Amino acid sequence: MSKQFSSASERNREPILAVLREELVNSRTVLEVGSGSGQHAVYFAAHMPHLIWQCSDLQMNHASINAWMQEAALPNVLPPLVLDMEQPHWPTQTYDAVFTANTCHIMAWHQVQNMFSGAAQRLNAGGKLCVYGPFNYDGKFTSDGNFQFDAALREKAAHMGIRDSEAVDALAQAQGLHLLADHAMPANNRLLVWQRV
Ligand SMILES: C[S@@+](CC[C@H](N)C(=O)[O-])C[C@H]1O[C@@H](n2cnc3c(N)ncnc32)[C@H](O)[C@@H]1O
């Protein structure tokens with residue numbers, strides 16, 4: 001698989017950048033879980049040159065991430081690590097932040113659990129876990145669009161689906177992270193930010 005293009009990444013990259021600029025102003029190193037096409041990585045690294053951005057994903061996405069990286073030729077994006085939440089082999093290095101976009105509703109719940117526990121352990125003191133995507137609140141969808149999206153996901157694969165914000169917050173809290181911010185994003189998405197105390 002060569003260079004892939006995600007129109008969703010293209011649409012959401014600016015609002016995500018606006019939040020990350022503030023949340024990661026004091027960060028230096030970021031690990032991204034589920035880098036996907038690689039578009040986010042090169043865009044965020046180009047606009048936040050103070051960061052060293054470490055990509056990761058399943059092996060099958062690496063060719064696309066590498067293609068975007070080669071084209072962008074940035075000094076602050078690191079080649080993707082193989083990081084599968086089914087059996088995660090986390091890097092031994094720790095980071096100032098872990099970022100992931102649109103992964104919680106794609107991964108099976110036990111993989112989401114692995115992501116939160118592993119990410120928390122990879123964060124330096126004061127480090128932030130930033131998670132972008134759609135979430136439910138009080139057991140309810142926040143829009144008809146999200147309701148339909150969830151139904152389409154579950155039809156595609158039973159393990160997928162929009163998660164409850166309270167459930168992911170409980171995962172984070174169990175790892176010693178506290179919710180710092182819950183940013184409302186366009187198209188009924190959220191950007192949740194937890195901090196390691
Ligand atoms: C909807 S895509 C989002 C990609 C990218 N973050 C974005 O926002 O455009 C979901 C991503 O989750 C990754 N993913 C799915 N299962 C995974 C797993 N078990 N471990 C790590 N990543 C996984 C996929 O490979 C894919 O890159």
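Worth saying up front: this structure is predicted, and the values here are computed from it rather than measured. Ligands are counted one by one from 1 in listed order, and the atoms in each one are counted from 1 as well.
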Using a 4.0 Å heavy-atom threshold (strictly under), name the region of [X] that reaches ligand 1: side chain, backbone, both or neither.
| X | answer |
| --- | --- |
| Q111 | side chain |
| L83 | backbone |
| Q39 | neither |
| S9 | side chain |
| D57 | side chain |

Nearest-contact summary for [atom] - protein heavy atom, Å:
| atom | result |
| --- | --- |
| atom 19 (N) of ligand 1 | D84 OD1, 2.8 Å |
| atom 11 (C) of ligand 1 | T103 CG2, 3.9 Å |
| atom 20 (N) of ligand 1 | M85 N, 2.8 Å |
| atom 23 (C) of ligand 1 | M107 CE, 3.8 Å |
| atom 10 (C) of ligand 1 | N102 O, 3.4 Å |

I need the minimum non-hydrogen distance between M69 and V77, along with the two atoms involved.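 Answer, listing the atom of M69 first, then V77: CE-O, 3.4 Å.
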Could you go step by step and tell me if H40 and N12 meet the side chain to side chain donor-acceptor pair (under 3.5 Å) rule? CA-CA 9 Å; H40 274 163; N12 61 33; 2.7 Å; yes
Check the pair R28 / D96 against salt bridge (Lys or Arg N to Asp or Glu O under 4.0 Å), numbers first and verdict last. CA-CA 6 Å; R28 292 293 168 266; D96 298 329; over 6 Å; no
Does the ring center of F149 lie less than 6.0 Å from the ring center of H105?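 Between H105 and F149, which both carry aromatic rings, the centre distance is below 6.0 Å.
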In terms of ring plane angle, is the pair Y43 and H47 parallel, tilted or perpendicular, where the classes change at 30° and 60°?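 Y43 and H47: tilted rings.
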What about [X]: any of its N or O atoms under 3.5 Å from an N or O on ligand 1?
| X | answer |
| --- | --- |
| I106 | no |
| A101 | yes |
| S6 | no |
| S35 | no |
| E32 | no |
| G34 | yes |

Atoms of ligand 1, numbered as shown, that sit under 4.0 Å from any heavy atom of [X]:
| X | value |
| --- | --- |
| N61 | 24 (C), 25 (O), 26 (C), 27 (O) |
| G36 | 4 (C), 27 (O) |
| H40 | 7 (C), 8 (O) |

Distance in Å, I65 CD1 paired with S35 OG, rounded so as to fall on 0.5 Å steps: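 These two atoms lie 4.5 Å from each other.
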Quick one: do E10 and S7 satisfy side chain to side chain donor-acceptor pair (under 3.5 Å)? Show the steps, please. CA-CA 5 Å; E10 197 77 358; S7 46; over 6 Å; no
Within a 6.0 Å radius of atom OH on Y137, are there more than 12 heavy atoms belonging to other residues, nucleotides or ligands?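 More than 12 within 6.0 Å, yes.
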Please step through side chain to side chain donor-acceptor pair (under 3.5 Å) for the pair Y132 and N189, ending with a clear verdict. CA-CA 7 Å; Y132 171 87; N189 287 296; 3.1 Å; yes
Using atom types as modelled and distance alone, determine if a side-chain donor or acceptor of D150 lies under 3.5 Å from a backbone N or O of G161.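 Answer holds: no.
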Do R122 side-chain atoms and T92 backbone N/O form a donor-acceptor pair below 3.5 Å?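 It does hold such a pair.
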So do N136 and R163 actually touch side chain to side chain, heavy atoms under 4.5 Å?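 Side chain of R163 against side chain of N136, heavy atoms only: no contact under 4.5 Å found.
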